[in-house]
Every structure is written in structure tokens, then in C-alpha cells.
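Owing to the predicted nature of the structure, the values given are computational and were not obtained by experimental measurement. Whatever order the structure lists ligands and atoms in, that order sets their numbers, starting from 1.
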Amino acid sequence: MRILVTGGAGFIGSNFVHHLIDETEHSVTVLDKLTYAGNLASLDSLPAERFSFVRGDIGDASLVERLFGEHDAVVHYAAESHNDNSLDDPRPFLDTNIIGTFTLLEAARKTGVRFHHISTDEVYGDLELDDPGRFTENTPYNPSSPYSSTKAGSDLLVRAWVRSFGVKATISNCSNNYGPYQHVEKFIPRQITNVLRGERPKLYGTGENVRDWIHADDHSSAVLTILERGAIGETYLIGADGEKNNREVVELILTELDQPWDAYDLVTDRPGHDLRYAIDSSRLRTELGWTPRYSDFAAGLADTIAWYRSNEAWWAPQKDATEARYISQGR
Ligand code: NAD
Ligand code: TDX
């Protein structure tokens, strides 16, 4: 197959491209605008006979329609992805996440090309710490932030284009990813690179918020499974039973980097901060037979720490500007 990957120069998209090149025979084109979050260095040394890159905006209808016509399937990762940025300036989130996804859906409608939409568990809002339940495919949408509300809107567009126009689409909603090539604005890379630079990790609020962590390579294998065997029009939740509170994660990072486990700072909380996410991925496991490979979070985190230690040239150019922005927000 020839697969078009939108947002393939970002964190999860680039992990998916590496997964496709390493584990399949498919050829891959990345369409990416190279915003502050896109990094061509994440796609270095891929084989030219199976990989090509197009710089462009998913909101560019003529470009998008031409590229759909040249591919057998499209996997859509491109997004504005950071909650804190969406609180500062929501507009780019509407442009890319809503109008960009609409533009892709129109191209899917015209060309009939198979489309997979990547989304997030944040569309379901949050859970109490002691809630025995987890999110399922039937949980009602209840997003909290400008970011998650635009992702929720994009999911609903996909559902409507399937029902009204017969677009051949599937949707996946995944929990928090960690692994190589994640921008230093995000929680885990921010704390790892802080410690590597001799700075203290910064925990929002009390550090009690819970995220359900999955390695990006497990997200990739799940998406490939859905692309190959998912039922058109269906939604699959992706998660690896990785619930941890933020304090536990920071303590693991500090310990792995030979620092005192409590050498972190509590900083101003994120407005509207979701308390807990938790995914029940039974449907994907039982209906499509998927299982994650990274069952030990501490081991996956240690690999990720080793990657950031060895790849300072990849992250250092973004670090100062990212921290300056956080400091101006008191975080
Ligand atoms: P990211 O911010 O690292 O990467 C986004 C990529 O999209 C960048 O390369 C950027 O240049 C590109 N992009 C942005 N706007 C574009 C546009 N208008 N046209 C073309 N390219 C554009 O994001 P990520 O963390 O890799 O997330 C990828 C997808 O996965 C998003 O849809 C996100 O909602 C979803 N997701 C992320 C997580 C997570 O934990 N990070 C979890 C679940 C779902
Ligand atoms: O410095 C920090 N300190 C801190 O305590 C940062 C950057 C974050 N946090 C907290 C906020 C969250 O509880 O850590 C947790 C994770 O934060 P983020 O990495 O910003 O992720 P989150 O807001 O949970 O959203 C992520 O997962 C779902 C991705 O960024 C989204 O794109 C995805 O949809």
C-alpha cells in the first residue's frame, strides 16, 4: 500500500512512520506543515525508495485532494496538540483540528480513499480518582479544553462524513503517549530534559492528576491493526493499562537519573486541568486481537530517558524557548 501520513514530522506520526518502514512493506508519504512541533530530524535516514516528504497544510484543499488521489490510505495525525498552548491561543486549534480535518474528509469523499482519524481520550473529559470506571467507546463526549473540544469536534465530523457520505473511515482515541521524538513542551520530555540540564521538574498543582501512559510504538501497532482489520465507521479506544499519577512519574524520572526522588517543584496548576484519564481497550484487544508490547512502564520510561540523554542535538534547539514560555505563565 501507499500510505499518506499527515503530521508525520510530529511525535506520534514520526513514530508511526518508523513503525511502517520497520515492520511492513508499505511506502509512506508524510504531509506536514512543519509548525513549531514538526521536526524533519525525526524522519532522518529513511529509505528514499519507500519514503517521501511534502511540506504543506492539511487545510490546502487542492494539495490534499491531489495527494489522496496518489495513495491507498490516509492516516491523519496532524493537529495542534498541546493543551497549555490552546489555553493561550485557541485559534490555530480550530484552523487545523476542525477545518483541517474537514478538508481531509472532503478529499476522502471525492476520492473514496480509506481514512483513519487519530484522536484522544481527552474527548471524554475526566474521571474522579476513585471512579472504578474507565472510558469505553460508549462514554459520552465531555471535553474540557480548547484542544480537546476541537478534537471532539473533528471526531464528530468524521462520524457524520461516514454516515452521510459513506466515507470509508475509522477513528481511534488513544491515551497519553510517551517515547522518542516527543516535543519538550510535553510533561515527560520536559521533566527529563530539565533534570539533564540541572533544572528541577515542575509539577502542576499537587501532582495528583492521573494519566494512562502508552508507549508510542504500541499506539503505532494499534493504528496499523485498525487500518488493516478495523470495521468502517467504528471507533476503537487504544490504551495499555498504564495509569500513573504525575508525581509517581516524576519520582521515577528523578530516580532513574540518580537524583533525590523529591527534588521537584510544585507550580501553578493548569486552568481546567483534567483530573484523571483511564482507557478500557477491551474492544480493540478482543475484536481485533491487538496487544501492547511495552507492559512495564518503568522500563519503557528508562528507554525514553536514555533516548533523550543520547539525542540532545534533537531537543536542545527547542528547550530555551519552551521554558521561557512556561516561566512567563508561572509554570
Ligand atoms: P505533535 O504536536 O507532536 O505533532 C503534530 C504534527 O502536526 C507536527 O509535525 C505539525 O507540524 C503537524 N501539523 C500541525 N498543523 C498542521 C497543519 N495545519 N497541516 C499539516 N501539518 C500540521 O502531536 P502528537 O503528540 O504527535 O499528536 C499527534 C496526534 O495524536 C494528534 O492528532 C493528537 O491529537 C493525537 N493524540 C496525541 C496523544 C499524545 O499523548 N501526544 C494522545 C492521543 C492522541
Ligand atoms: O510541566 C508540566 N507539569 C505537569 O505537571 C507539564 C507540561 C504537564 N504537567 C501535567 C499536566 C497533565 O496532568 O502532566 C500531565 C501531562 O501533561 P501533557 O504532557 O501536557 O499532556 P496532557 O495534557 O495529558 O495531553 C496529552 O495527552 C493527550 C497530549 O498532549 C494530548 O495531545 C493528548 O491528546
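Residue-to-ligand polar distances keep Trp213 apart from ligand 2: every N/O pair is separated by 3.5 Å or more. Of the N or O atoms in Asp84, none lie within a sub-3.5 Å distance of an N or O in ligand 2. Between Arg190 and ligand 2, an N or O atom pair is found at a separation short of 3.5 Å. Note: no N/O pair closer than 3.5 Å links Asn209 and ligand 2 by distance alone. Looking at Arg211 next to ligand 2, an N or O pair under 3.5 Å apart turns up. Backbone and side-chain nitrogen or oxygen atoms of Thr120 are examined, and one is located within less than 3.5 angstrom of a nitrogen or oxygen of ligand 2.
Taking every non-hydrogen atom of Gly10 and a distance limit under 4.0 Å, the qualifying atoms of ligand 1 come out as 3 (O), 4 (O), 6 (C), 8 (C), 9 (O). Close contacts between ligand 2 and Gln191 involve ligand atoms 1 (O), 2 (C), 3 (N) [criterion: under 4.0 Å to a heavy atom]. Atom numbering of ligand 1 starts at 1 in the shown order; those under 4.0 Å from a heavy atom of Leu34 are 11 (O). Each of the atoms 43 (C), 44 (C) of ligand 1 lies under 4.0 Å from some heavy atom of Thr120. Set against the non-hydrogen atoms of Ser175, the atoms of ligand 1 under 4.0 Å away are 42 (C), 43 (C). Proximity to Asn176 (heavy-atom distance under 4.0 Å) selects the following atoms of ligand 1: 40 (O). Set against the non-hydrogen atoms of Gly56, the atoms of ligand 1 under 4.0 Å away are 19 (N), 20 (C). Within ligand 2, counting atoms from 1 as listed, the ones closer than 4.0 Å to a heavy atom of Glu185 are 7 (C). Against a heavy-atom cut-off of under 4.0 Å, Asp57 is close to the following atoms of ligand 1: 17 (C), 18 (N), 19 (N).
Contact annotation: for Lys151 versus ligand 1, heavy atoms closer than 4.0 Å belong to the side chain alone. With a 4.0 Å heavy-atom cut-off, ligand 2 is reached by no atom of Lys151.
Checking Ile279, Asp121, Asp241 one by one against Arg134, the side chain to side chain contact (heavy atoms under 4.5 Å, CB included) holds for a single residue, Asp241. Of the residues Leu34, Leu31, Val17, the one that meets the side chain to side chain contact (heavy atoms under 4.5 Å, CB included) test with Phe53 is Leu34.
Counting protein heavy atoms only, atom 30 (O) of ligand 2 is closest to Lys186 CE, 3.1 Å. For atom 22 (P) of ligand 2, the closest heavy atom belonging to the protein is Glu122 OE2, 3.6 Å. Protein heavy atom in closest approach to atom 13 (O) of ligand 2: His273 NE2, 2.6 Å. The nearest heavy-atom contact from the protein to atom 8 (C) of ligand 1 is Asp32 OD2, 3.6 Å. Closest protein heavy atom to atom 40 (O) of ligand 1: Asn177 N, 2.9 Å. Given atom 27 (O) of ligand 2, the protein heavy atom at minimum distance is Asn176 ND2, 3.1 Å. Counting protein heavy atoms only, atom 36 (N) of ligand 1 is closest to Ile12 CD1, 3.9 Å. For atom 31 (C) of ligand 1, the closest non-hydrogen atom of the protein is Tyr77 O, 3.2 Å. Annotation: atom 19 (O) of ligand 2 to nearest protein heavy atom, Phe187 N, 2.9 Å. Counting protein heavy atoms only, atom 25 (O) of ligand 1 is closest to Phe11 CD2, 3.8 Å. Closest protein heavy atom to atom 34 (O) of ligand 2: Tyr147 OH, 2.5 Å. At the shortest separation from atom 32 (O) of ligand 2 among protein heavy atoms lies Ser81 O, 2.8 Å. With respect to atom 5 (O) of ligand 2, the closest heavy atom belonging to the protein is Tyr204 N, 2.8 Å.
Within the structure, the closest approach of His183 to ligand 1 does not fall below 4.0 Å when heavy atoms are considered. Not a single heavy atom of Pro92 lies less than 4.0 angstrom from ligand 1. Residue contact annotation: Thr6 has no non-hydrogen atom under 4.0 Å from ligand 1. In this structure, Gly59 does not count as a contact residue of ligand 1, since none of its heavy atoms falls inside 4.0 Å of the ligand. Judged by the shortest distance from any of its heavy atoms, Arg331 lies outside the 4.0 Å radius around the atoms of ligand 2. For Tyr147, the closest heavy-atom approach to ligand 1 falls below 4.0 Å.
In this structure, Arg190 is positioned above the aromatic face of Tyr326, its NZ or CZ under 6.0 Å from the six-membered ring centre and within 45° of the axis. Geometrically, Arg200 does not engage Tyr264 in a cation-pi contact, judged by NZ or CZ lying under 6.0 Å from the ring centre and within 45° of the ring axis.
Note on Arg114 versus Asp72: no salt bridge recorded, every NZ/NE/NH1/NH2 to OD/OE distance being 4.0 Å or above. Salt bridge annotation for Lys151-Asp155: absent, with no cationic side-chain nitrogen under 4.0 angstrom from a carboxylate oxygen. Of the charged side-chain nitrogens involved, none lies within less than 4.0 Å of a carboxylate oxygen, so that Arg247 and Asp262 do not count as a salt-bridged pair. With salt bridges taken as basic N to acidic carboxylate O contacts below 4.0 Å, none links Lys244 and Glu248. Between Glu208 and Arg276, no side-chain nitrogen of the basic residue sits less than 4.0 Å from a carboxylate oxygen of the acidic one, so the salt-bridge criterion is not met. With salt bridges taken as basic N to acidic carboxylate O contacts below 4.0 Å, none links Asp32 and Arg55.
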Original post:
Given the rule in the ring-ring contact (aromatic ring centres under 6.0 Å, His included) test, do Tyr124 and Phe135 qualify, once you have shown the distances and angles that lead to the verdict?
Top reply: CA-CA 7 Å; Tyr124 301 115; Phe135 301 138; 5.3 Å; yes
**OP:** Just do the side chain to side chain donor-acceptor pair (under 3.5 Å) check on Trp213 and Ser175 with the steps written out, would you?
**Re:** CA-CA 6 Å; Trp213 294 101; Ser175 62; over 6 Å; no
**OP:** List the steps and the verdict of side chain to side chain donor-acceptor pair (under 3.5 Å) for Ser220 and Asn15.
**Re:** CA-CA 7 Å; Ser220 296; Asn15 274 277; 5.9 Å; no
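Between the choices Arg270, Glu208, Arg276, His82, the shortest heavy-atom distance to atom 23 (O) of ligand 2 belongs to Arg270. If you check each of Ala79, Ala216, Ser172, Ser119 against atom 5 (C) of ligand 1, the one with the closest non-hydrogen atom is Ala79. Which of Asn85, Ile118, Asp121, Asn246 comes nearest to atom 10 (C) of ligand 2 through a heavy atom is settled by distance: it is Asn246.
Note: the hydrophobic cluster containing Leu67 does not contain Val5 (ILVMFWY, side chain heavy atoms under 4.5 Å, direct or indirect links).
For Thr268 (side chain) and Gly330 (main-chain N/O), a donor-acceptor pair under 3.5 Å exists by modelled atom type. Checked by atom type and distance alone, the side chain of Arg229 pairs as donor or acceptor with a backbone atom of Leu288 at under 3.5 Å. Side-chain atoms of Gln191 come within 3.5 Å of backbone atoms of Lys202 as a donor-acceptor pair (strictly under, hydrogens ignored).
Between the side chains of Asp22 and His18, no donor N or O sits under 3.5 Å from an acceptor N or O.
Counting heavy-atom neighbours within 6.0 Å of Glu128 CD, excluding the residue itself, gives a total of 12 or less.
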